[in-house]
Amino acid sequence: MRKPKVIRMVFALSLGCFIMVIFYFNSNLRPASEPVGERSSGQKSRRSPLQALYDGDQVEPAVQVIHQGRRELLEEACRSYTRKRRVLIPEDLKHVIVDDQHGLLYCYVPKVACTNWKRVLMVLTGVAGSHQDPLEIPANEAHVPGNLRTLSEYTTSQINQRLRSYLKFVFVREPFERLVSAYRNKFTRSYNTAFHKRYGTKIVRRHRPDPQPEALERGNDVSFEEFVYYLVDPATQREEPFNEHWERVHSLCHPCLIHYDVVGKYETLEQDSRYVLQLAGVEDQVSFPTSSKSTRTTGDMAAQFFHNISPFYQKKLYNLYRMDFLLFNYSVPAYLKFR
């Protein structure tokens with residue numbers, strides 16, 4: 001009579017262990033960061049930024065109209081100027097930063113306030129630690145790989161879920177102002193020795209007749225004309241992709257494959273940044289840093305740099321960046337002489 005009782009006890013113990021194992025694995029397989037809007041029962045789910053965008057009650061109607069117009073212009077340009085559609089691959093998503101806590105996807109473009117946007121996202125995601133003011137975060141710390149997750153790090157199903165349900169935004173800039181800004185920052189600042197060695201020496205070797213030995217070694221005196229020759233030289237991109245600081249926005253952020261909900265512009269940076277933070281419901285938690293730079297590259301400054309570029313090379317350079325002009329509704333600069 002004791003055997004059946006012992007068997008029942010062993011069976012009950014085994015069943016209990018089995019249930020505990022299942023519970024353990026379920027709890028450990030749960031994602032570390034649950035996407036916004038997918039909180040566990042008992043915790044109130046807040047409205048996502050994407051819902052706020054389409055509900056339209058967070059911001060002024062005039063602002064909504066501006067951004068709806070930008071979305072429509074971008075979609076129309078994609079239909080008009082891109083023929084073949086392809087599937088996104090993880091390599092395409094290395095510039096798309098993810099904020100799972102607030103449901104945001106931000107494609108960063110160098111020379112379009114990306115340092116300050118990374119600082120803001122470090123504060124929002126808690127990476128900044130005790131820093132609540134984005135400007136307290138050193139600029140070099142904002143660019144440390146791994147501080148912020150990118151969409152390329154997720155699985156295919158996680159990528160698709162975030163592309164569907166998160167607010168996707170990008171900030172763009174007049175293409176030639178951005179290009180001149182990149183040149184000034186990377187080739188005319190004495191502290192950027194890594195860029196001088198990596199790119200400057202190559203540019204001098206290929207595009208300067210009879211270069212001096214010091215210039216070949218240091219690469220710290222590249223002219224804007226030489227930089228333009230380097231960009232339009234077909235051998236440049238055959239050898240390696242453009243550096244992100246002068247790569248085209250459409251190649252970094254793929255706006256005809258990713259349907260951005262907000263296309264912010266450098267020319268209206270403060271109001272567009274405030275718009276994104278309002279949609280995310282965090283405008284009371286963090287403010288986008290205002291710029292007091294008097295050295296900012298302007299259209300007049302860009303015109304001065306292009307003054308010595310021949311119409312032939314102006315045309316070649318425009319053709320290289322043409323899609324950025326078209327997709328983001330920038331006119332051909334009046335200072336160009338090839339027309």
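Everything numeric here is computed off the predicted structure, so don't read it as measured data. Count residues from 1 along the sequence.
Rounding to the nearest 0.5 Å places OH of Tyr229 at 10.0 Å from NE2 of His207. We find the CG-OG1 distance between Asn220 and Thr188 to be 11.0 Å, quoted to the nearest 0.5 Å. Expressed to the nearest 0.5 Å, how far OH of Tyr54 lies from CD of Gln64 amounts to 11.5 Å. With rounding to the nearest 0.5 Å, the separation of CG in Asn329 from CD in Glu174 is 12.0 Å. Put simply, NE2 on His250 and CG on Asp324 are 6.0 Å apart, with the number rounded to the nearest 0.5 Å. One finds the CZ atom of Phe169 at 8.5 Å from the CD1 atom of Ile97 (value rounded to the nearest 0.5 Å).
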request  = Evaluate side-chain contact (heavy atoms from CB on, under 4.5 Å) for Cys114 paired with Val109, printing each intermediate quantity in order.
outcome  = CA-CA 6 Å; Cys114 76; Val109 178; 5.9 Å; no

message = Run the side-chain contact (heavy atoms from CB on, under 4.5 Å) test on Val249 and Val112 for me, step by step, so that the C-alpha distance in whole Å, both residues' side-chain angles and the decisive distance to 0.1 Å come before the verdict.
response = CA-CA 10 Å; Val249 176; Val112 193; 5.7 Å; no

task = Evaluate the criterion side-chain contact (heavy atoms from CB on, under 4.5 Å) for residue pair Lys168 and Val96; output intermediate values, then yes/no.
result = CA-CA 9 Å; Lys168 302 169 289 297; Val96 180; over 6 Å; no

message = Pair Leu105, Leu167 - check side-chain contact (heavy atoms from CB on, under 4.5 Å), show working.
response = CA-CA 6 Å; Leu105 296 178; Leu167 183 85; over 6 Å; no

request  = Walk me through it: do Thr268 and Gln271 pass the test side chain to side chain donor-acceptor pair (under 3.5 Å)?
outcome  = CA-CA 6 Å; Thr268 50; Gln271 49 265 54; 5.1 Å; no

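Annotation: side chain to side chain donor-acceptor pair (under 3.5 Å) contacts of Glu91 (sequence neighbours excluded): Lys94. Among residues two or more places apart in sequence or in another chain, the side chain to side chain donor-acceptor pair (under 3.5 Å) test is passed with Tyr199 by Asn243. Cys78 is linked by a disulfide bond (SG atoms under 2.5 Å apart) to Cys256, counting only residues two or more places apart in sequence or in another chain. With sequence neighbours left out, the side chain to side chain donor-acceptor pair (under 3.5 Å) criterion links Arg184 to Thr297. In terms of the side-chain contact (heavy atoms from CB on, under 4.5 Å) criterion, residue partners of His259 (sequence neighbours excluded) are, by chain and number, Arg85. In this view, Asp92 and Arg86, His254 satisfy the side chain to side chain donor-acceptor pair (under 3.5 Å) rule, not counting sequence neighbours.
Sorted by first and then second residue, the pairs that involve residues 66-76 and meet salt bridge (charged side-chain N to carboxylate O under 4.0 Å, His left out), not counting sequence neighbours, are Arg70-Asp272, Glu76-Arg79. Counting only residues at least two apart or in different chains, salt bridge (charged side-chain N to carboxylate O under 4.0 Å, His left out) contacts with residues 131-146 are absent. A salt bridge (charged side-chain N to carboxylate O under 4.0 Å, His left out) check over residues 230-240, counting only residues at least two apart or in different chains, returns the pairs Arg198-Glu240, Lys202-Glu239, Lys202-Glu240, Arg206-Glu239.
For the pair Pro134/Val286, a side-chain contact is recorded, criterion being any heavy-atom separation below 4.5 Å from C-beta on. Taking 4.5 Å as the limit, every side-chain heavy atom of Thr150 sits out of range of all side-chain heavy atoms of Leu93. The closest side-chain heavy-atom distance from Leu279 to Asp261 is not below 4.5 Å. No side-chain heavy atom of Val228 sits under 4.5 Å from any side-chain heavy atom of Tyr183. Residues Arg274 and Glu283 form no side-chain contact, since every pair of their non-hydrogen atoms from C-beta on lies 4.5 Å or further apart. Between Leu231 and Phe242 there is a side-chain heavy-atom pair separated by less than 4.5 Å. Taking the side chain as every heavy atom from C-beta outward, Leu252 and Pro110 approach each other to under 4.5 Å. Within the 4.5 Å cutoff, the side chain of Asp221 has heavy atoms near those of the Val204 side chain.
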Distance-only donor-acceptor hits, side chain of residues 299-310, under 3.5 Å, sequence neighbours excluded:
residue, atom, partner, partner atom, Å
Ser310, OG, Tyr313, N, 3.3

In residues 116-124, what donor-acceptor pairs under 3.5 Å come from side-chain atoms, sequence neighbours left out?
residue, atom, partner, partner atom, Å
Asn116, OD1, Arg119, NH1, 2.7
Lys118, NZ, His143, ND1, 3.2
Arg119, NE, Ile137, O, 2.9
Arg119, NH2, Ile137, O, 3.1

Result block: side-chain N/O donor-acceptor pairs under 3.5 angstrom for residues 209-217, not counting sequence neighbours:
residue, atom, partner, partner atom, Å
Glu214, OE2, Arg218, NH1, 2.8

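Distance alone, capped at 3.5 Å, places no donor-acceptor pair between the Tyr318 side chain and the Phe338 backbone. Judged by distance alone, with hydrogens and angles left aside, the side-chain atoms of Thr201 form no donor-acceptor pair with the main-chain N or O of Gly219 at under 3.5 Å. A donor-acceptor distance shorter than 3.5 angstrom exists from the side chain of Asp99 to the backbone of His102, with no hydrogens or angles considered. Put simply, the side chain of Lys186 never gets that close to the backbone of Asn192: no donor and acceptor are under 3.5 Å apart.
Note: the hydrophobic cluster containing Val170 also contains Val63 (ILVMFWY, side chain heavy atoms under 4.5 Å, direct or indirect links). Transitive grouping of hydrophobic side chains (ILVMFWY, heavy atoms separated by less than 4.5 Å) keeps Val263 and Val65 in distinct clusters. Both Phe227 and Phe312 sit in one connected hydrophobic cluster of ILVMFWY residues. Membership requires side-chain heavy atoms under 4.5 Å apart, directly or through other members. Val282 and Leu135 end up in different hydrophobic clusters when Ile, Leu, Val, Met, Phe, Trp and Tyr side chains are linked at under 4.5 Å. Leu73 and Tyr266 are not part of a single hydrophobic cluster, where members link through side-chain heavy atoms under 4.5 Å apart.
Nearest heavy-atom pair, Cys107 versus Tyr260, reported as atom, atom and distance to 0.1 Å: CB-OH, 3.3 Å. Here the closest non-hydrogen pair linking Gly129 and Gln132 is O-NE2, 4.1 Å. Heavy-atom minimum distance, Ala280 versus Pro49: CA-CG, 3.7 Å. In terms of heavy atoms, Tyr106 sits closest to Ala113 at OH-O, 4.4 Å. Pairing each heavy atom of Phe176 with each of Pro333, the nearest pair is CD1-CG, 4.1 Å.
Using cut-offs of 30° and 60° on the angle between ring planes, the pair His95 and Tyr108 is parallel.
Taking the six-membered ring for Trp and the full ring otherwise, Phe224 and Phe187 have centroids separated by 6.0 Å or more.
Environment of OH in Tyr81: sparse, with no more than 12 heavy atoms of neighbouring residues, nucleotides or ligands closer than 6.0 Å. Within 6.0 Å of CZ in Arg208 there are more than 12 heavy atoms belonging to other residues, nucleotides or ligands.
Using a 4.0 Å cut-off between charged nitrogen and carboxylate oxygen, Arg162 and Asp100 count as a salt-bridge pair.
For the pair Lys265 and Tyr330, the cation-pi test (distance below 6.0 Å, angle within 45°) is passed.
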